[in-house]
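Below is one structure, written out as structure tokens; comments come after it.
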Amino acid sequence: MASDNDNDVKEHLIECYRQRLRQLIKVDQVLDHIHFIEPGQKEQIRQKARTDGDSAATDQLISAVIAKPHVDGWFTAFVDALINGGCEFAAEYMKVIPPEPEVEAEHDQRVKLIQLLSPSLMDMKTEDVRVECFSRGLLTLEDSEIIKAATTNQGNMGGARELLRYIVRGRRGWFSEFLEILRKTEHLHLYELTGGSPDSDKKGDSHDSSTHPAQGMSLVKYLCLQMTHSPPATSIVSEALLCFTVLGAAAGGSEKAEIVLRDYQMDVARPALEGKNIIVCLPTGSGKTRVAVYITKKHLDCRRAEGSSGKVVVLVNKVPLVEQHYSAEFLPFLKPAYKVERVSGDCQLKISFTEIVKKNDVIICTAQILENFLERSNKGEDEGVELSALTLIVIDECHHTQKGEVYNHIMMRYLMQKHKNKRLKKEQKEPMLLPQILGLTASPGVGGATKMVKVEDHILRICANLDASRIMTRDLGEFQREPRKNNLPVEDRKEDPFGDVIKNIMNSIQTHAELSPTSDFGSQNYEQWVVQKERIAATEENQKVRICSEHLRQYNEGLNLSHTIRMQDAFSFLNKYHEEEIQKKTTPDDEHVIEKTVTEIFLSNLFGEKKEELQQLASKPEYENDSLSQLRCQILREFSSRKEARGIIFTKTRRSAIALSQWIQEDPKCADVGVKAAYVIGGGDQSVVKPMTNTEQRDVLNKFRNGEVNVLIATTVAEEGLDIPACNFVIRYGLVTNEIAMIQAKGRGRAEDSSYTLVDVKNSGVAEKECVNEYRITLMNKAITKIGALNQAEYDKRVRSLQTVLKLKQQKGEVKFSCRGCSKHICTGDDIQIIEGMHRVNVTPEFSELFIPKENSPNEQSEDKYYIACKKCGQRWGSMMLYRGIDCPSIHVKNFVVSFNGEKKSKCTKWSELPIKFPNFDYNEHANRIVESYDDES
């Protein structure tokens, strides 16, 4: 019996080649030879093939094949079914050594040629060609019978259509034999059109590349020759060449594949082809990444022609974009001429990033990885990467090259070295070589500015940070696409007893804490007011006001959730919060007594008294909000008006994304129209909701790409860069942030006739914010135009004035941390180290005496088994992370009051808000310290 690991490897192999198998599998024939799939499921797959074709049905077939649990020998049975079902080429991909890239590319070019010239091939004498194809083994007996039946029932053209569909899914070498069959059956015009030599002997020739032009050259070159030598076919071949040019290159992406840019793409690329640093600013869906691939290829080609090697790093800001850029863009067009690799935080490659950089020409990675290894090099470590080792850096979504962002840290290194190079030149010393910089963005934004001059400064600052000689943009002309826009207002509830109970609780808390708000419950102003009260109370060590403010904030969130999602979800949120508050004050062994104040007892009793009433009200559907009704109607409209709907719903929080996904999955009307929903949320630890791992995000996005999921409910993690060509509707559900997010969200609708819908939610103010964002976008576009009109001298002058290099000061010892719950001093900045550029840990013995580890409850949405809490008051401080076999207490700054240079900071919720650079965690030193402590104990 195969082990789970063996099965996992085989499943991964099939998934890796899913797209290729979609092109090669004949579903009906393969199903005839698979006996481990249930008959009912087989019939569903066959029905899918009849209605949507083999490609769509192949997805269902693959899902059924790799579904667990597996029967013994399932993989061998699948491969045998491919062979016996006449899909020998597909079976080759399941071997240890799959077809070479050149073979893939040749096959794809031949298939594309048949597809493009199919209007002429429909004129063949189908019966004669069918008999010859069967006798030569290009068709199975079942293929032959299906084609014969189609010819009988639908006529010659119907049979020809089936023959072409089956023949391209057969075995390797089908194309040259098909040419010979056309010649033998006296289809001389079709024979020449598809690549046969007009001078070949009718009695039979050897079919090498000299007698068959299509066998020895790229499809583009072949089509050009056909236009010259086959006048009768010129119009058809010309159309085929045009189609191929628009597509860009063969799907296999061989060395011979050419990247053909549109005019506007070539215009924006031109300065970069001359070696200049630029920003390419084009709308979403206009092919910015394709421009970057083109520039990358020309950059590498030129360096190779000069006898030197190039080294290109493509930086992205989100892990899912690593695989997308690798698989969909850079690898297909650059292999096998250049070595392309991708690296992200969840990468399984066993060699170091330094070695990956050395061994490959193009590396696609998250920016933090490059920053980490640049820092290692700066410290003189062996496992580092120097800027001088790179010749081109491509920065995707480059509008993030601003203060505090990792892109900016990398570019600060670049600008510092550029400044140093000027000094070295004056001293007549050899300067360090620096890479060319290429930035990509659809939306530099306005940076909060409301006046044109300030907007220009904001955009020019991004240009300065990227050392860009120009920001390049062009009008897309006929290629410009705008989705249809809808605004859906909502009506207030006539009665809201659930919300009334929450408001009464909040009034009682305000009275207890002697607080007087200046805005309405549930509003954004109230949220800002209560957050500010909590921060001030924490810095003043007023625990009564602090804890009351925190509870008010949670009730305000619950009130807003009842306007956004189901009341039962809002109740679950509040109930879970109070259960956690109770858990904070209890210890499993009762060794430590955790203080419980009068205010904490009051707050606990207050919720306990109203809990049952809230739970009963939450179950009454007549009191649900109108936003959910509007959202349901819009989803049903999209699915009933389209042949195949696929869309993204953007929402504000992780909690609402999960709840909306569950609501849609449970809704019978959505099920009736074929809605298959899933959610994708961020991977950071800023939220109390468990983040998604990179693997989980990738799995959901892959299901959305292949149609297994057709409605994706997402937080802003999916706004930027996600490229799903089949996505044809976008809904922003009570979510409007800034103009950049608006542009990015609208751009996720890539398909023709896409729609963009805004659904209002009470107190969200989305309609007003959307109008403001539209005004900001107008300002941004005008500013980009004005900057583009500057002469080079004026542009350079303004950019230079903004190029100030600021170095982070090392001031660790001047930072102090106190518990937010009881104001007890905890540690200083000297005690903190950083793991992998993101996790701040305190592994000092003194710190370990101040906290207790507590196990997360089974329903706790956390990937860590334990969290750490204050021994005195139970305030959560962070989590206990396992790093290379060692427990490391990881703390989060939002759980502490921070003093910087003797002054308490009222707002410090992110580590990036502290101008501190902590040292990297020294694993060896800490491991030795642990061993020594064990020795002392023994």
Side-chain angles (χ1 to χ4, degrees), residues 534-543 546-547 550 584-585 587 591-595 684-686 688 808-854 862 864 866-884 886-930 932-933:
E534 192 276 337
R535 287 172 179 165
I536 294 170
T539 56
E540 293 177 350
E541 300 183 11
N542 185 340
Q543 293 304 325
R546 186 199 68 78
I547 193 169
E550 176 58 33
K584 276 166 59 173
K585 299 298 178 179
T587 56
E591 269 187 37
H592 306 286
V593 177
I594 298 177
E595 297 176 2
D685 61 354
Q686 294 84 7
V688 294
L808 288 173
K809 296 179 181 179
Q810 304 290 324
Q811 305 181 78
K812 298 191 301 296
E814 296 181 18
V815 184
K816 295 180 181 179
F817 300 88
S818 302
C819 176
R820 200 169 194 87
C822 62
S823 306
K824 179 181 175 64
H825 171 72
I826 303 304
C827 63
T828 70
D830 286 322
D831 302 322
I832 295 174
Q833 297 174 298
I834 190 166
I835 294 176
E836 295 177 348
M838 64 181 79
H839 306 288
R840 276 76 177 179
V841 298
N842 186 339
V843 293
T844 62
E846 295 79 11
F847 182 69
S848 66
E849 295 296 321
L850 300 176
F851 70 82
I852 51 174
K854 302 185 75 173
S862 173
D864 296 308
Y866 295 96
Y867 69 89
I868 59 173
C870 177
K871 231 177 209 184
K872 182 180 179 184
C873 71
Q875 168 71 39
R876 185 188 288 253
W877 286 351
S879 60
M880 185 66 77
M881 67 177 291
L882 188 66
Y883 179 67
R884 293 167 64 181
I886 294 178
D887 284 332
C888 297
S890 175
I891 62 175
H892 200 300
V893 70
K894 71 181 180 182
N895 298 319
F896 299 88
V897 175
V898 181
S899 298
F900 185 61
N901 289 336
E903 182 180 339
K904 290 182 179 178
K905 293 175 69 72
S906 62
K907 181 185 177 183
C908 193
T909 59
K910 298 178 182 177
W911 286 109
S912 60
E913 292 169 352
L914 274 177
I916 306 298
K917 201 165 188 182
F918 297 108
N920 288 329
F921 175 64
D922 193 325
Y923 176 83
N924 291 330
E925 180 186 336
H926 186 58
N928 289 334
R929 191 189 305 159
I930 292 173
E932 288 171 5
S933 68

Return the [atom1] to [atom2] distance between [X] and [Y], rounded to the nearest 0.5 Å.
{"X": "Lys816", "Y": "Ile826", "atom1": "NZ", "atom2": "CD1", "answer": "13.0 Å"}
{"X": "Lys894", "Y": "Lys910", "atom1": "NZ", "atom2": "NZ", "answer": "11.0 Å"}
{"X": "Leu850", "Y": "Cys819", "atom1": "CG", "atom2": "SG", "answer": "10.0 Å"}
{"X": "Arg840", "Y": "His892", "atom1": "CZ", "atom2": "NE2", "answer": "9.0 Å"}
{"X": "Ser890", "Y": "Tyr883", "atom1": "OG", "atom2": "OH", "answer": "12.5 Å"}

Apply the test side-chain contact (heavy atoms from CB on, under 4.5 Å) to residues Asp831 and Glu846: give CA-CA distance (whole Å), side-chain angles for both, the deciding distance (0.1 Å), then the verdict.
-> CA-CA 10 Å; Asp831 302 322; Glu846 295 79 11; 5.9 Å; no
Would you say that [X] contacts [Y] through its side chain, given a criterion of any heavy-atom pair below 4.5 Å between the two side chains?
{"X": "Ile835", "Y": "Cys888", "answer": "yes"}
{"X": "Ile834", "Y": "Pro919", "answer": "no"}
{"X": "Ile868", "Y": "Ile891", "answer": "yes"}
{"X": "Val897", "Y": "Phe817", "answer": "no"}
{"X": "Val841", "Y": "Phe918", "answer": "no"}

Does any N or O in the side chain of Asn895 come within less than 3.5 Å of the main-chain N or O of Trp877, such that one atom is a donor and the other an acceptor?
->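 Pair found, side chain donor or acceptor close to backbone of Trp877.
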Arg820 side-chain N/O to Gln875 backbone N/O, donor-acceptor pair under 3.5 Å =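 Such a contact is absent between Arg820 side chain and Gln875 backbone.
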For Glu540, salt bridge (Lys or Arg N to Asp or Glu O under 4.0 Å) partners two or more places apart |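 Once residues adjacent in sequence are excluded, Glu540 has no partner under the salt bridge (Lys or Arg N to Asp or Glu O under 4.0 Å) criterion.
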Taken in chain and number order and not counting sequence neighbours, the residues that satisfy salt bridge (Lys or Arg N to Asp or Glu O under 4.0 Å) with Glu550 are none
Taking all non-hydrogen atoms of both residues into account, name the closest pair between [X] and [Y] and its distance.
{"X": "Met880", "Y": "Pro889", "value": "SD-N, 3.7 Å"}
{"X": "Gly821", "Y": "Gln543", "value": "O-OE1, 2.6 Å"}
{"X": "Lys904", "Y": "Thr539", "value": "NZ-O, 2.9 Å"}

What's the verdict on side-chain contact (heavy atoms from CB on, under 4.5 Å) for Trp911 and Ile832, showing C-alpha distance, side-chain angles and the deciding distance?
-> CA-CA 12 Å; Trp911 286 109; Ile832 295 174; 4.1 Å; yes
